*Asks:* 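What follows is a single structure, and I will ask about it in a moment.
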Amino acid sequence: MKKLEIMTELGLYLGRKSINKAEISRKTGISASRLSELTLNDGAHLRAKELYLIALAMDVAPCDLLNALFKNVELSRS
């Protein structure tokens, strides 16, 4: 049985923007397999440098990408 692949927030973001992962890989030096992991595996942790490089390759502000990917993250109310 094939495992169901669910996109991560990064995968959904790239899909909404119609971004070609091969082009992002070429521009950033991040391997295609690492990009696939980041877009399909919720357990993959996006490094700050990777986020920054991806934002630069997409010509978006790194903070805008950060806000889009982590919009649901909040401080705990304790």
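Bear in mind the structure is a predicted one, so any value in this text is a computation, not a measurement.
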*Asks:* Return the CD to CG distance between E9 and L46, rounded to the nearest 0.5 Å.
*Replies:*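 Atom-to-atom, E9:CD and L46:CG are 12.0 Å apart.
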*Asks:* Looking only at atom types and distance, does a side-chain atom of T8 sit under 3.5 Å from a main-chain N or O of L38, one as donor and one as acceptor?
*Replies:* yes
*Asks:* Does the S36 side chain pair with the main chain of A32, one donor and one acceptor, at a distance under 3.5 Å?
*Replies:*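 Flag set: sc S36 to bb A32 pair under 3.5 Å.
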*Asks:* Is L40 reachable from L69 through a run of hydrophobic residues whose side-chain heavy atoms are each under 4.5 Å from the next?
*Replies:*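 Cluster IDs for L69 and L40 differ.
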*Asks:* I30 and side chain to side chain contact (heavy atoms under 4.5 Å, CB included): which single residue from R47, E50, K49, K21 fits?
*Replies:*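 It is E50; the other options fail the test.
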*Asks:* Does L51 reach the side chain of L65, with side-chain heavy atoms less than 4.5 Å apart?
*Replies:* yes
*Asks:* What is the distance from atom CE of M7 to atom CG of N41, rounded to the nearest 0.5 Å?
*Replies:* 13.0 Å
*Asks:* I need the minimum non-hydrogen distance between P62 and A55, along with the two atoms involved.
*Replies:*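 Smallest heavy-atom distance, with atoms named: CA-CB, 3.6 Å.
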*Asks:* Check whether any side-chain heavy atom of L56 lies under 4.5 Å from a side-chain heavy atom of K27, and answer yes or no.
*Replies:*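 Not in contact.
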*Asks:* Does any non-hydrogen side-chain atom of I54 lie less than 4.5 Å from one of I19?
*Replies:*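 A side-chain contact is absent here, since even the closest heavy-atom pair is not under 4.5 Å.
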*Asks:* Are Y52 and M58 co-members of a hydrophobic cluster defined by side-chain heavy atoms under 4.5 Å apart?
*Replies:* no
*Asks:* Hydrophobic cluster membership, with links at side-chain heavy-atom distances under 4.5 Å among I/L/V/M/F/W/Y: are V73 and Y13 in one?
*Replies:* yes
*Asks:* Going from CD on E74 to CG on N72, what distance comes out if it is rounded to the nearest 0.5 angstrom?
*Replies:* 8.0 Å
*Asks:* Measure the OG1-CD distance between T28 and E23 for me, rounded to the nearest 0.5 Å.
*Replies:* 10.5 Å
